[in-house]
Novice: 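Sharing a structure, written as structure tokens. Questions coming.
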Amino acid sequence: MPIESEIKFTVPLREVFDRIRALPEVAGFQLRDTGVHAHRDTYFDTPDRLLLRSKVVFRLRESRRDAVLAFKAQAPGGGDFYRRVEVEAQTDVTVSGISGGVRPPVPPVEELRKRFGDLTLEPALTVANNRRIITLSRIGIPRFEMALDDVTFTGPRGSASVLELEVESLGWEDSALRDIAQWLRERFPLEPAGPSKYILGMELVGRKA
């Protein structure tokens, strides 16, 4: 099962994004800016917020290009970075379809059902994200992906905006994540972020069980 390994930071000022974008390299990895990719995420949960309490994510991501369902849950290891089981699949299901009980036979749904059985789900949080993606390469091969996220959460208690920086391994050794984290924190005012946008968004604007 795919495992996602990443580091996450909160960013205090937009100018920090500009300074990072201008860098030629980070911790010995060359940078390539692939531009801004906008998407909208809808996070689903049970009425009593079982998934939030279990630190599990079930999410529909919609962009101009496609729609992707995702299931994420904590995985062993990580220490000072995050490791999560990540199961994704393209889909044509909609937010209203999932709310109405539609469960397409794709791996994220199967993983959710395997762990929790059949659940009644409702939209718990929406996230609009303008994400700038920068690849970190060595000898021309992408090893990590850095995301500069301009995020707006919308939930029962209103809206809130945050800036986050994430670096995710593209299959390269996890130990390099620590080197990248140290390199960035020595140069920029970054603070460790929580394990998921769902948890942060629910703390800011969501309704907890």
Novice: Could you check whether any side-chain heavy atom of Phe58 comes within less than 4.5 Å of a side-chain heavy atom of Leu69, counting everything from C-beta outward?
Specialist: yes
Novice: Shared ILVMFWY cluster between Leu148 and Leu23, side chains joined below 4.5 angstrom?
Specialist: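 Leu148 and Leu23: one cluster.
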Novice: Calculate, to the nearest 0.5 Å, the distance between atoms CZ and CZ belonging to Arg84 and Phe71 respectively.
Specialist: 11.0 Å
Novice: Any side-chain heavy atom of Leu121 sitting closer than 4.5 Å to one from Thr46?
Specialist: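 The answer is yes; the side chains approach within 4.5 Å.
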Novice: Should Lys8 and Lys197 count as side-chain neighbours, where that means a heavy-atom distance under 4.5 Å?
Specialist: yes
Novice: With side-chain hydrogen bond (donor to acceptor under 3.5 Å, both in side chains) as the test, pick out the partner of Lys72 among Glu88, Glu111, Glu4.
Specialist: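 With Lys72 as partner, side-chain hydrogen bond (donor to acceptor under 3.5 Å, both in side chains) holds for just one option, Glu4.
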Novice: Measure the spacing between CG of Leu163 and CG of Leu190 and express it to the nearest 0.5 Å.
Specialist: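 Rounded to the nearest 0.5 Å, the CG-CG separation comes to 11.0 Å.
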Novice: Roughly how far, to the nearest 0.5 Å, is the CZ atom of Phe44 from the CD atom of Glu122?
Specialist: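 So the CD of Glu122 and the CZ of Phe44 are separated by 10.0 Å.
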Novice: Test of understanding: clusters of I, L, V, M, F, W, Y form through side-chain heavy atoms closer than 4.5 Å, transitively. Do Ile133 and Val36 belong to the same one?
Specialist: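 They do not share one cluster, since no chain of ILVMFWY contacts under 4.5 Å joins Ile133 to Val36.
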Novice: Distance check, rounded to the nearest 0.5 Å: Ile199 atom CD1 versus Leu125 atom CG?
Specialist: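 Rounded to the nearest 0.5 Å, the CD1-CG separation comes to 11.5 Å.
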Novice: Under 4.5 Å side-chain heavy-atom separation, chaining through any Ile, Leu, Val, Met, Phe, Trp or Tyr, what else clusters with Ile139? Say none if it is isolated.
Specialist: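 Other cluster members: Ile141.
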Novice: Show the nearest heavy-atom pair for residues Pro156 and Gly206, with the distance to one decimal.
Specialist: CD-CA, 3.8 Å
Novice: In Å, rounded to the nearest 0.5 Å, how long is the span from NE2 of His39 to CG of Asn130?
Specialist: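 So the NE2 of His39 and the CG of Asn130 are separated by 9.0 Å.
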Novice: Is there a path of hydrophobic side-chain contacts, each under 4.5 Å between heavy atoms of I, L, V, M, F, W or Y residues, that connects Val205 with Leu52?
Specialist: yes
Novice: Should Leu50 and Leu60 be regarded as members of a common hydrophobic cluster, given that ILVMFWY residues are connected when their side-chain heavy atoms come within less than 4.5 Å of each other, either directly or indirectly?
Specialist: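 Yes; Leu60 is reachable from Leu50 via cluster members.
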Novice: Do Asp45 and Met202 touch side chain to side chain, with heavy atoms closer than 4.5 Å?
Specialist: no
Novice: Could you pull out the closest heavy-atom pair between Pro47 and Thr120, with the gap in Å?
Specialist: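 It is CD-O, 3.5 Å.
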Novice: Give the C-alpha distance, both sets of side-chain angles, the deciding distance and a yes or no for side-chain contact (heavy atoms from CB on, under 4.5 Å) between Met146 and Ile20.
Specialist: CA-CA 10 Å; Met146 180 162 57; Ile20 291 173; 3.7 Å; yes
Novice: For a side chain to side chain contact (heavy atoms under 4.5 Å, CB included) with Asp149, tell me which candidate from Leu165, Val11, Asn129 qualifies.
Specialist: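 Running side chain to side chain contact (heavy atoms under 4.5 Å, CB included) over Leu165, Val11, Asn129 with Asp149 returns exactly one hit, Asn129.
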Novice: Would you find a donor on one side and an acceptor on the other, under 3.5 Å apart, between the side chain of Thr91 and the backbone of Val93?
Specialist: yes
Novice: Give a yes or no on whether Leu184 and Leu13 share a hydrophobic cluster (residues Ile, Leu, Val, Met, Phe, Trp, Tyr; joining criterion: side-chain heavy atoms under 4.5 Å apart).
Specialist: yes
Novice: Between Glu86 and Glu6, is any pair of side-chain heavy atoms under 4.5 Å apart?
Specialist: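 Not touching, per the 4.5 Å side-chain cut-off.
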Novice: Which is it for Thr42 and Thr126 under the side-chain hydrogen bond (donor to acceptor under 3.5 Å, both in side chains) test, yes or no, and what are the steps along the way?
Specialist: CA-CA 5 Å; Thr42 302; Thr126 58; over 6 Å; no
Novice: Nearest 0.5 angstrom please: Tyr43 OH to Arg59 CZ, how far?
Specialist: 5.0 Å
Novice: Going by heavy atoms in the side chains, are Val85 and Ile3 under 4.5 Å from each other?
Specialist: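 Answer yes - side chains close enough.
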Novice: Answer whether the closest heavy-atom distance between the side chains of Val127 and Tyr198 falls below 4.5 Å.
Specialist: no
Novice: To check you understand the geometry: which heavy-atom pair defines the closest contact between Ala38 and Ser63, and what is its length?
Specialist: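 Heavy-atom minimum between the residues: O-CB, 3.6 Å.
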Novice: Given side-chain contact (heavy atoms from CB on, under 4.5 Å), test Leu170 with Arg143 step by step and report yes or no.
Specialist: CA-CA 5 Å; Leu170 299 176; Arg143 303 296 191 184; 5.9 Å; no
Novice: Mind checking whether Trp183 and Phe188 have parallel, tilted or perpendicular rings, split at 30° and 60°?
Specialist: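 Tilted.
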Novice: Report yes if the side chains of Val57 and Leu51 come closer than 4.5 Å at any heavy-atom pair, otherwise no.
Specialist: no
Novice: Go through Thr34 and Thr135 one step at a time and tell me if the side-chain contact (heavy atoms from CB on, under 4.5 Å) criterion holds.
Specialist: CA-CA 8 Å; Thr34 71; Thr135 59; 4.3 Å; yes
Novice: Under the salt bridge (Lys or Arg N to Asp or Glu O under 4.0 Å) definition, can you give me all pairs with a residue in residues 31-44, not counting sequence neighbours?
Specialist: Arg21-Asp33, Asp33-Arg132, Asp41-Arg61
Novice: Test side-chain contact (heavy atoms from CB on, under 4.5 Å) on Leu136 and Leu31 and set out the steps.
Specialist: CA-CA 5 Å; Leu136 279 65; Leu31 304 189; 3.6 Å; yes
Novice: Checking the side chain of Arg207 only, and the main-chain atoms of Ala124 only, is there a donor and an acceptor separated by less than 3.5 Å?
Specialist: no
Novice: Determine the minimum heavy-atom distance between Phe29 and Ala176, stating which atoms define it.
Specialist: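 That closest heavy-atom pairing would be CZ-CB, 4.4 Å.
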Novice: Check whether Arg103 reaches the backbone of Ile98 with its side chain - one donor and one acceptor, N or O, closer than 3.5 Å.
Specialist: yes
